[in-house]
Amino acid sequence: MRTVFRGARWPGDVAIRDGLVVAVGEVPPLDGDEVVDCSGDILTAGLINTHHHFYQWLTRGWAVDQGLFGWLTTLYPVWARLSPEDVEAASAVALAELALSGCTTAADHHYLVPGGDDSVFDAIAAAARRIGVRVHLARGSMDLGESDGGLPPDSVVEDVDSILASTVAVHDRLHDGDRVVVTVAPCSPFSVTTRLMTESAALARSLGLRLHTHLAETLDEERDSIARFGRRPMELLDELGWIAPDVWVAHGIHFSDAEVLRLGATRTGIAHCPSSNCRLGSGTARVRDLVAAGAPVGLGVDGVASNEVGTLQPELRQALYLARQRDLDPGAFSPADALALATTGGAACLGRSDIGSLAPGLRADIVVWPGDDVADVLDPLAALVLGPERSARHVLVGGEHVVRDGHLVGADLTELRRDLARRAQRLWPRP
Ligand SMILES: [Zn+2]
């Protein structure tokens, strides 16, 4: 049966069938169609979140005045105590909040695998199936502990051989190429060895998987890389084969002009995380320059220990504000540019040509945004990007409702939050 989302203020009608978009524009209903009245609403493709750490829902509001390194060293020992059940509870809330804010595909970078217990990835995948959001599951890793000159305590790192074997096993158990897509993802230049980076890249390429890591987030990272390797972080990654079209990196703030051009020429993706970068005082990514150079740029919420909001729609406005402030140019970045980061840019980062826009033949990942409270706003995209934060009216992933009439279909958010709070409070310092 065909379903027609009818009468939207922008971009018009959208028809779907069998999980795919089949028509966009003026789509008169036919006999037998299901018609969803969207009069005055705004429709977009499902938003894509290109960088997140779902488990961080257990540690919101910690180290609020710290930069990245101080914040990480405060939190590593807390995160070391999380069980797979904790991570599943956090992932359910993360995905629920993302779904309600119009996200249909999310990348989760999970790099804490205490004791090598990789059932935590099954737990994240279970939460994704329950909420209904598509997940790009980045099997993260750290192998450079404090005693070897790394930032994380030795208790949270693994050895290279175990990481690689586990990555293959996680791929074999969970990867289906659509709803759960496994990615190979050593954590960051200051928590991994060059051997892990090189062997992870080789493994990913042998399995046909994409690669993800953090890069050029802070000046501390740059100083650490120069002190240890005599090279800037991106120079090092380039030497290790990581500046390439099958890679997307999180943050990507501190790049030289030459590095921006190289990222563009190689089509290496960047997950731009504007609120997290502000919260940690990390800097402002050169989004306009990166896009102009040809690099795919997506939008990321990042973990909620550095962005306590945890929803994707407000990041559209934050990205626009930051781009204009960075270039001191109100014409630097339009509402359409911001939406492109969260849709086509995100799809390019994740290497997907089947999502990211409302076009016939693509997956029916659709968000219906309520238009009633912004009916007075002249430009519908300005209403979506610059207007108030709100929940989506309907969200569909592959044609299936994940949010209907503003409510999650797969779970009760109040219950999920109650369970999460109990688990999070257990971690709080004792007076
Ligand atoms: Zn991150």
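In listed order, ligands and their atoms are each counted from 1.
Sequence neighbours left out, the pairs with a member in residues 178-190 that pass salt bridge (Lys or Arg N to Asp or Glu O under 4.0 Å) are Arg134-Asp178, Asp178-Arg352, Asp178-Arg363, Arg179-Glu400.
Between His109 and Tyr111, the angle of the ring planes goes over 60°, which puts this pair in the perpendicular group of the 30/60° scheme. Ring orientation note: the planes of His212 and Trp248 are close to parallel, at an angle under 30° on the 30°/60° scale.
Within the coordination shell of the Zn ion (ligand 1), defined by N, O or S atoms under 2.8 Å, His109 is absent. Among the atoms of His51, an N, O or S atom falls under 2.8 Å of the Zn ion (ligand 1).
Considering just the N/O/S atoms of Asp302, the one nearest the Zn ion (ligand 1) carries the name OD1. Closest approach between the Zn ion (ligand 1) and any N/O/S atom of His214 involves NE2.
Judged by distance alone, the side chains of Asp220 and Thr218 never bring a donor and an acceptor atom under 3.5 Å apart.
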